[in-house]
Structure formats: C-alpha cells, structure tokens
2 protein chains.
Amino acid sequence: MTDTALPTSLDAFDLAILEFLQRDNATPQRLIGEAVNLSAPAVQRRIRRMEDAGVIAANVALVDPAQVGQPLTLVVEVELVSETAELIDAAKRGFAAVPEVQQCYYVTGEADFVLVMLVPTMAAYEALTRRLFFGNNNVKRFRSLVAMDRVKVGLTVPLKDGVAARTPPRR
Amino acid sequence: MTDTALPTSLDAFDLAILEFLQRDNATPQRLIGEAVNLSAPAVQRRIRRMEDAGVIAANVALVDPAQVGQPLTLVVEVELVSETAELIDAAKRGFAAVPEVQQCYYVTGEADFVLVMLVPTMAAYEALTRRLFFGNNNVKRFRSLVAMDRVKVGLTVPLKDGVAARTPPRR
DNA sequence: TCGAAGAATGAAATATTTGTGCGTGGATGT
DNA sequence: ACATCCACGCACAAATATTTCATTCTTCGA
C-alpha cells in the first residue's frame, strides 16, 4: 500500500474533468467530453491516468447518515498523555479502525487529534466514549462538540488555484 | 431544494449494496449481485430507489488534495459574537460558499462552528483568515489546528448498527 | 383453507456506455 | 527540415446498464 504519488501534471482539461467527477462520477464520458471539448475516449484516457496516478483516490457513493440510523455527528478533540511516536501511531491505528470514526486528523495545537464521529444516539456515543477514551489511559482529555447542523459536508477539493502554477503545457 | 427524506426502509440487501457502493461505486451491478445473491436488475432497482429516496446522496470521485495543490488541511473552530438566528444563518451561508471550506458543522459547546479547510500554503490560509474571520466582525475568536496527518478521511457511514431496529421485513 | 392482489424477482432483449486499435496532426528536439 | 513523441478523434468491439415480461412468493381477505 505505497503511495503512488508521483508529481502528476494536470492541465486545464484534467481539472475540468475532475470538476465534473467530484460532483457526479456517473456522468457519461460522452457528456463530459462535450462539455470540455474532447472526445469520449480522450476523457476516458485522462480519467484512467488520474486514477492510476492517485489523483482520483476513489469513486464512492455518499450515504446520508440520518437515513441509515446515524443521525448524530460529533466533532471530538482528543489530547493524549504521552506523545511518543509509538503511542501516537497506536492512537492513529486505533481511531482509524473504528467504523464510527468517519474522519481522524492528527493535528498540532491544543489538541492532538480531531475526530468526526457518527452515532445513532447519545447513549451510543456515551458507550463509545467509554470504550475509546476512558478505556484508553493514554487519553488525557477529550472535548465533544455535537453537530446541530451539518452545514456543508463533502470531500470536494478546490481546483481553481494551486495547480496552475506547476502545470506545464501538455504538448 | 427540499429534503426528500421519507423514512425509507432498508433491508439487509440494501445495506449490503450500500456497503459496496460506499467503497467503490464503479463496481458492476453484476458483481454486486453475485456477492449479495441478487440479479443485476434487482441490484439496479434497489440502487435507483435509494438514490431517489436520498439514502444515496451523491456519487462522486474523491480527489487527493495534495496532488492538486492543496496539501494543507486545517481544522478551525470559530466562535461568534452574537448568536441570533439571522447571524447564525448568515455565517452558515458564508462558510458554505467558500470553496476552501470543505466541511462546516454548526456545533454546540465551546465553539459555534467547526470548519475543515484545504489550502495550498500557510500564506494562503493567512489570507483566507483575514477575509473570513478578521474581516467578519461577528467572529469573536477562532482557533486553528493544522493537520499533520490525515489519518482517516472519508464520508463512509457505518451500516452494521442503527438500522436493523427499524427495518421491517420487505416482503 | 383457499384464492386474489401486490411486490419483487430472474431471464432475456435492448440500449447505452465504456474500452481498444489505428491512423493522423501538431509540438518538441535534434 | 526531419524524425519522434503524444495525444487526439474515429470506428469498432466489449461490457455494462436498462427495460420488458412472465413467474414466484408473500400477504390479506373471504
């Protein structure tokens, strides 16, 4: 599982295609092609390339948590007691393995980890809490923020900036 | 833009299908069918239904931020001065409209909002900060946590629990 | 207990989309 | 100026998705 993250170069076509796929990856290549002025095969080759290069990390369906019995979202900050490399790694692996932990970031600052969690009920969260935090004596402190509104949830990456600079003309 | 969130009922087949689609929605229906013991058309009908019901909110490609020039992830807590309904709503709309804001949660607790942001550089973040927080006099305080490691990033929803209880047998 | 109605299924046929081979044209470099 | 390299578009082939239809299973009522 090594990162095949070579410094891929993306041109305006690639970005335009990504723009589509980030919104709806079921869009037929033909339509994308029409929109960006490219043939379907060209679009297909570019998509393939970006998938191979890891620019496109995955193609997934987004599920509404509320409709599958997980109406509660929490953001949790976790502070550890000891920050040795091994304990940090252990924590990472531990959090990552929990299905309820949708996202986990290892961060600088007042907290060590930020978790985004999904649970059916507060009771379930309380139980999780017990298992994950109280049951781990390397957890010094944690702070729970309950989401009242998932104002914006997605993994869309802004594409307008940041790439242009290091984009050599393709031909 | 109304939520078509009727209390859809999902059976074990639906959940098994979702399990697949959450991992890779390019999986051929035939394969899903084989895996869950259903014909391709049956799988297709169920997917369609879940899309219509909003259980499947979207089908998207996940892009690696680092490879498109957005290597920095930050988690930001924002506290507002005034919390009138209008100002909260204004803040929601404001944050949601910013492309760099990948996620935005309105939360209870010590902060009012938690944002997950993507930027190319710290300089870019500083500029954003100026525009978004210092430039908004309803922002009392904000706290930035820089992600050193995106340990686990996804929008996968746990499906094993929480649904079974309110799942009537389909036939 | 039996029969009718509704729902969902699988198999087959059709439509659509995706994938591949090949020849062409433009840009780069010698 | 010429050769080479890429990426393109076109045409065809393969695979996948979608529709149709007859059947089975379950449920509900007589």
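Naming: A, B, ... by sequence-line order, numbering from 1 per chain.
Counting all heavy atoms, side chain and backbone alike, B/V60 lies closest to A/R23 at CG1-O, 3.6 Å. Contact between A/S9 and A/D14 at its shortest, heavy atoms only, is O-OD2, 4.2 Å. The two residues B/V153 and A/Q103 come nearest to each other via the heavy atoms CA-CG, 4.2 Å.
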* Evaluate the salt bridge (charged side-chain N to carboxylate O under 4.0 Å, His left out) criterion for residues B/E100 and A/K160: first the C-alpha distance (whole Å), next the side-chain angles of each, then the deciding distance (0.1 Å), finally the verdict. => CA-CA 10 Å; B/E100 288 91 341; A/K160 299 298 179 188; over 6 Å; no
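Atom CD in A/E34 sits about 14 Å away from atom C1' in D/dG9, given to the nearest Å. Straight-line distance from the CZ atom of B/R48 to the P atom of C/dT9: 15 Å, rounded to whole Å. One atom, CD1 of B/I47, and another, P of D/dA17, lie 8 Å apart when rounded to the nearest Å. At whole-Å resolution of the value, CD1 in B/I32 and C1' in C/dG10 are 17 Å apart. Taking atom CG of residue B/L38 and atom P of nucleotide D/dC25, one finds them 15 Å apart after rounding to whole Å. The distance from atom CG of A/L10 to atom P of D/dA7 is 12 Å, rounded to the nearest whole Å. Between the CZ atom of B/R45 and the P atom of C/dA8 there is a distance of 9 Å, rounded to whole Å.
Using a distance-only test at 3.5 Å, with no hydrogens or angles considered, no donor-acceptor pair links the side chain of A/D52 to the main chain of A/R49. A donor-acceptor pair is defined here as one N or O able to donate and one able to accept, closer than 3.5 Å; no such pair exists between the side chain of B/K92 and the backbone of B/Y106.
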Anything under 3.5 Å between a protein N or O and an N or O of nucleotides 16-19 of chain C, put it in a table, one pair a line.
unit_1: C/dT17; atom_1: OP1; unit_2: A/R30; atom_2: NH2; d: 3.2
unit_1: C/dT17; atom_1: OP2; unit_2: A/R30; atom_2: NH2; d: 3.1
unit_1: C/dT18; atom_1: OP2; unit_2: A/Q29; atom_2: N; d: 2.9
unit_1: C/dG19; atom_1: OP2; unit_2: A/Q29; atom_2: NE2; d: 3.4
unit_1: C/dG19; atom_1: OP2; unit_2: A/Q44; atom_2: OE1; d: 2.3
unit_1: C/dG19; atom_1: OP2; unit_2: A/Q44; atom_2: NE2; d: 3.3
unit_1: C/dG19; atom_1: O5'; unit_2: A/Q44; atom_2: NE2; d: 3.4

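Five base pairs at each end of the helix from C/dT1-D/dA30 to C/dT30-D/dA1 define two local axes, and these are offset by 30° (rounded to 10°).
Atom CG of A/L155 sits about 4.0 Å away from atom CG of B/L155, to the nearest 0.5 Å.
The shortest distance between side-chain heavy atoms of A/K140 and A/D112 does not fall below 4.5 Å.
Candidate nucleotides C/dA8, C/dG10, D/dC8 were compared by shortest atom distance to the side chain of B/R46, and C/dA8 ranks first.
Not less than 6.0 angstrom separates the ring centroid of A/F95 from the ring centroid of A/Y105.
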